[in-house]
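Some notes on the structure that comes next.
Along the sequence shown, residues are numbered consecutively beginning with 1. Atoms within a ligand are numbered from 1 in the order they appear, just like the ligands themselves.
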Amino acid sequence: EKQFPDGFKFGAATAAYQIEGGWDEDGKGLSIWDNFVHEAGNIVDDSTGDVACDSYHKYREDVAILKDLGVDIYRFSIAWSRIMPNGTPNEINQAGIDYYLNLIAELLLHDIEPIVTLYHWDLPQYLENLGGWLNPQIADYFGDYARVVFEHFGPYVKYWITLNEPLATCLSGYGGDSLAPAKGLVGDGTYQCAYNTIKAHAKAYRIYEKEFKQEQGGKVASNIPSPMFYSKTDSIEDIEARERAFEFNVGLYAHAIYRGNWPQIVIDRVANRSKLEGYSFSRLPQFTQEEIDYINGTFDYLTLNSYFSTIVEHTEEAPIGTPSIYSDQSTLSSSDPSWPTSASSWLVSDPPGIRYLLNYIQEKYNPGEIVITENGWSTVPGILNDEDRVTYLKGYLSNILDAVVEDGINVTGYTLWSLLDNFEWSQGYTQRFGIVDVDFESPNRTRTYKSSAEWYKRLIAARQIVD
Ligand SMILES: CCCCCCCCCCCCC/C=C/[C@@H](O)[C@@H](N)CO[C@@H]1O[C@H](CO)[C@@H](O)[C@H](O)[C@H]1O
């Protein structure tokens, strides 16, 4: 049987808003998610993350579970407004700092390495009032936040992720309305947000590089979510459509960091359509040469979230009308009917896709090292015997193993999404991603292993795919 290499690290992932609760405790400031969930109609089951898994109080129990599973790494995020209530450095909340110091100490005590995300979608509301990710100064605010994080936690953390899935923030939060702050600015907002998130990431990277790296020796990367994109046919049109889909969804956030500037196809198409729409400038902000040089190369590794595959085909150019990133992109996406479906409309299982994708990403960005920071499966609530999740994970991990052993891709770690059932954003508690069930009806938020947790524990112990 093929073995995962000795240095390969297994783990699990979570995010602050989805598990912590304690939304207004001990001096924490409000985030855009605290406000979004308290507005009726935004979350399908009208639930909130006010308590969530109560990990703010139960983190020791979470770490005990991680220890029992035998993981090497745990990916979690820091809630910006827990340590800086309004997002600015003029007020530091010591109780928030202590919470994360305690969590990290508990992890290290059990030989579990932290991999820490600075921003997993919970922007301090005060900064949203200033325009959030559309404010050109947000990179400076983020830089100040990053410095506080590196100062306090840097001695204990070697792997940093600046922004989780900027694609989701920009496309669904500013371009669309399914994530906070639900701005719905589909033609302009997505691009301005992308521009600012990239600059914020680069700022944090450069601060670490200049002020902390020598002493702390850690690695910093942004985060890239990507499905495997297949072209529907071998026609030139569909192959080009597949490239466009990749560049408008992945390249928009990765190209400037890994290769310099936006992808050329995005530059050309948005400029062209903007002109036809009557703009005197492109809706895609332009990087100056100085910005390109500052951003290019701001990575020490690559973190990839990947769950599914999609089939892309060319579609007729949309008539000039309301500006939209979807018309700019001009592609259609579909699924293969043979791919098993989950409790989430977008999540289908295509295990070989992850191996193709890893090869594609390696060739395109040559990042040196890749950590898969999210991959997982959703079910409806209450299923402890989650055989479909085991089948999914087995297929994906087996293909990841082949990518490492057969193709020589330097994937050094895997943090499964998710350790616990948790608050699944606008889907509330209707979709469950945990390998550990959480009883959201009980004040104790009782945790119970699902079959997948038992299976993952055996896999980690064996360091090979097990039945
Ligand atoms: C990555 C999407 C590229 C778009 C390509 C077009 C293909 C069309 C299919 C549309 C699917 C869009 C919905 C995608 C959603 C996921 O990427 C997103 N939910 C991932 O978020 C992370 O996953 C966890 C489970 O949803 C979530 O809990 C976690 O917080 C997120 O980091």
Check if [X] has a non-hydrogen atom at a distance under 4.0 Å from any atom of ligand 1.
X	answer
Ala168	no
Pro227	yes
His120	yes

Which atoms of ligand 1 are found less than 4.0 Å from any heavy atom of [X]?
X	value
Phe229	5 (C)
Glu165	17 (O), 18 (C), 20 (C), 21 (O), 22 (C), 32 (O)
Leu167	1 (C), 2 (C), 3 (C)
Glu424	25 (C), 26 (O), 27 (C), 28 (O)

Separation of Phe287 CZ from Lys199 NZ (nearest 0.5 Å):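 Result: 7.5 Å between the selected atoms.
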Plane angle bin for Tyr307 and Trp346 - parallel if under 30°, tilted between 30 and 60°, otherwise perpendicular: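 Because their plane-to-plane angle is over 60°, the rings of Trp346 and Tyr307 count as perpendicular.
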Parallel, tilted or perpendicular: rings of Phe423 and Tyr17 (30°, 60°):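 It falls in the perpendicular class, over 60°.
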Heavy-atom nearest neighbour in the protein, as seen from atom 29 (C) of ligand 1, with distance rounded to 0.1 Å: Glu374 OE1, 3.5 Å
Nearest-neighbour protein heavy atom for atom 7 (C) of ligand 1, which is reported as residue plus atom name and distance: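 Of the protein heavy atoms, Ser333 OG, 3.7 Å lies nearest.
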Residue list, side chain to side chain contact (heavy atoms under 4.5 Å, CB included) with Ser235, at least two apart or on another chain: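 Partners of Ser235 by the side chain to side chain contact (heavy atoms under 4.5 Å, CB included) criterion, ordered by chain and then number, come out as Thr233, Glu237, Asp238.
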Partner set under side chain to side chain contact (heavy atoms under 4.5 Å, CB included) for Val116, not counting sequence neighbours: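 Checked Val116 against side chain to side chain contact (heavy atoms under 4.5 Å, CB included); matches are Phe76, Ile78, Pro114, Val157, Trp160.
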No-hydrogen, no-angle side-chain donor-acceptor test under 3.5 Å, Tyr99 and Asp26: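 Per modelled atom types, Tyr99 and Asp26 side chains form no pair under 3.5 Å.
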Polar contact flag, side-chain donor to acceptor under 3.5 angstrom, Asp45-Ser47: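 Yes.
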Any N/O pair Gln18/ligand 1 closer than 3.5 Å: yes
Nitrogen or oxygen atoms of Thr310 and ligand 1 under 3.5 Å apart: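 For ligand 1, there is no N or O atom that lies under 3.5 Å from one belonging to Thr310.
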Ring centres under 6.0 angstrom apart (Trp80, Phe142): yes
Protein contact for atom 13 (C) of ligand 1 (heavy atom, distance under 4.0 Å):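 Given the 4.0 Å limit, the answer for atom 13 (C) of ligand 1 is yes, a protein heavy atom qualifies.
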Region of Asn422 that comes within reach of ligand 1 [heavy atoms, distance under 4.0 Å]: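 Neither; nothing of Asn422 gets under 4.0 Å from ligand 1.
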Part of Leu347 with heavy atoms under 4.0 Å of ligand 1, whether side chain, backbone, both or neither: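 None of Leu347 does.
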Proximity winner for atom 19 (N) of ligand 1, if only heavy atoms of Trp346, Phe246, Tyr307 are counted: Trp346
Single hit among Lys219, Lys158, Lys9 for salt bridge (Lys or Arg N to Asp or Glu O under 4.0 Å) with Glu113: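 Among Lys219, Lys158, Lys9, the one that satisfies the salt bridge (Lys or Arg N to Asp or Glu O under 4.0 Å) with Glu113 is Lys9.
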Side chain proximity check, Thr197 to Tyr119, heavy atoms < 4.5 angstrom: no
